[in-house]
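Below is one structure, written out as structure tokens, with a few remarks after it.
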Amino acid sequence: MLHSSPSVVTITAAAGPTVALLGGVHGDEYEGVLAARWLVAHLRSALLRGTIHAAAPAHPAAWESASRESPRDGKNLARVFPGDASGTTTEIVAHELTEQVIKGSDLLIDLHSAGTSFEMPFLCGFQDGGGGVAATSRHLADVFAADFTWRHSGVPAPGRSLSAAFDLGIPAIYTEGGGGRSVRHSELTGYIEGVLRVLHELSMVASAPSPANSSIRVLGDGNTDIGIAAPVSGYMVSRVVSGSRCDSGQILADIVDIDGRKIDQICAPQDGYLMMRRRDARVTVGDTALIVAAMDRR
């Protein structure tokens, strides 16, 4: 059985940048843990300069139960940063990660995926709060070169690893992927190669694979706690998959009753791309069902 505190691995070479690497902040997101641990093994011999602080799984209790929240206190690690040394078990984990991994770093990379409840395309996101921190985050998100690069305006929502980094003046990027407790070869490879490209950009490794495709740039709120809400209770019948191009007013999903009769529908509020889709068809009023992000023309 894994203990409550995350195990932090540190790899150091010659003087250089310090990068914080998290995987498994949510225990039902496998891709980030597998990618981070592969990278740790690889970087033991491949790191040329700088330091890597890695915690994967970052939330051992949630990882053990393959759940988004900890079974010990019911809390979501990605909602309690920077944590509390005197708090509940999850708040203590957030405090330890903030103090031992994030603080003092030059960059945070938090490897998430859509987990059990949602479906998302392979993306790299960053918070565009202005200033040099945002500019560095934007640049390194571009270097990561996921299928989508998602820019979020303003300051990050509270409680996230990115908000802890933001408060400390540290650039940060994060990933999302398909999730569903499945691991896709293309995405796992994309996580690994994206991190290597960022490390190569920082002159920490000798080489990195070139991206296979150009990234689609989108803009919007990446908070999965909010989005397009289900207007009525029923069963959501999706018409599009995550990553799909959407036109304003396009029907994205029907809501049907238990007899299959359509009782409402959800339409795209703007032109853009579907960046998140709820997996569970059964919805109640107010459940986050979908998120559409606009094209980022900046």
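In this chain, numbering begins with 1 at the start of the sequence shown. Here the structure is a predicted model, which is why all the values come from computation and not from measurement.
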- Any side-chain heavy atom of N76 sitting closer than 4.5 Å to one from H26? yes
All heavy atoms of L111 vs all of T175, minimum pair found to be CA-OG1, 3.2 Å
Here the gap from L123 atom CG to I173 atom CD1, rounded to the nearest 0.5 Å, amounts to 11.0 Å
Rounded to the nearest 0.5 Å, the CG atom of D271 sits from the CZ atom of R245 at a distance of 5.5 Å
Here the pair of heavy atoms bringing V93 nearest to P6 is CG1-CD, 4.0 Å
- Close side-chain approach of S4 and I92, heavy atoms under 4.5 Å: no
For residues 144-159, the salt bridge (charged side-chain N to carboxylate O under 4.0 Å, His left out) pairs (sequence neighbours left out) are D128-R151, R151-D296
Output for pair (R282 CZ, I258 CD1), nearest 0.5 Å, gives 7.0 Å
**Q.** Donor + acceptor pair across side chains of R181, T116 (<3.5 Å)
**A.** yes
task: For the residue pair T149 and S215, confirm or rule out a side-chain donor-acceptor distance under 3.5 Å.
output: yes
query: Do L196 and H42 touch side chain to side chain, with heavy atoms closer than 4.5 Å?
result: yes
Heavy-atom nearest pair, G129 first then A134, reads N-CB, 3.7 Å
d(R279 CZ, F118 CZ) to nearest 0.5 Å is 10.5 Å
Practice problem: Apply the test salt bridge (Lys or Arg N to Asp or Glu O under 4.0 Å) to residues D142 and R217: give CA-CA distance (whole Å), side-chain angles for both, the deciding distance (0.1 Å), then the verdict. | Solution: CA-CA 9 Å; D142 285 340; R217 291 176 172 81; 3.3 Å; yes
Note: V195 and L21 closest approach over all heavy atoms is CG2-CD1, 4.5 Å
Aromatic ring pairing Y30/W63, orientation class (parallel under 30°, perpendicular over 60°, tilted between) = perpendicular
Taking the side chain as every heavy atom from C-beta outward, state whether P121 and Y273 have any pair of such atoms under 4.5 Å apart. no
| message | With heavy-atom distances below 4.5 Å as the criterion, would you say the side chains of M236 and I266 are in contact? | response | yes
Are the side chains of H53 and I102 in touch, meaning some heavy atoms are under 4.5 Å apart? no
### Message
I'd like to check R239 versus D254 (side-chain heavy atoms, cut-off strictly below 4.5 Å). Are they in contact?
### Response
yes
* Any side-chain heavy atom of E201 sitting closer than 4.5 Å to one from H139? -> yes
Mutual orientation of the aromatic rings belonging to F122 and Y191 [parallel < 30°, tilted 30-60°, perpendicular > 60°] = parallel
Smallest heavy-atom separation, E69 atom then A62 atom, equals O-CB, 3.9 Å
Closest heavy-atom pair, R184 versus E31, reported as atoms and distance to 0.1 Å, is NH1-OE2, 4.1 Å
The side-chain hydrogen bond (donor to acceptor under 3.5 Å, both in side chains) partner of Y174 among H152, Q127, H112 is H152
Please determine whether side chain to side chain contact (heavy atoms under 4.5 Å, CB included) holds for the pair S161 and L97, giving the CA-CA distance in whole Å, both sets of side-chain angles, and the decisive distance to 0.1 Å. CA-CA 9 Å; S161 63; L97 291 170; over 6 Å; no
One should read off an interatomic distance between Q100 CD and S105 OG, to the nearest 0.5 angstrom, of 11.5 Å
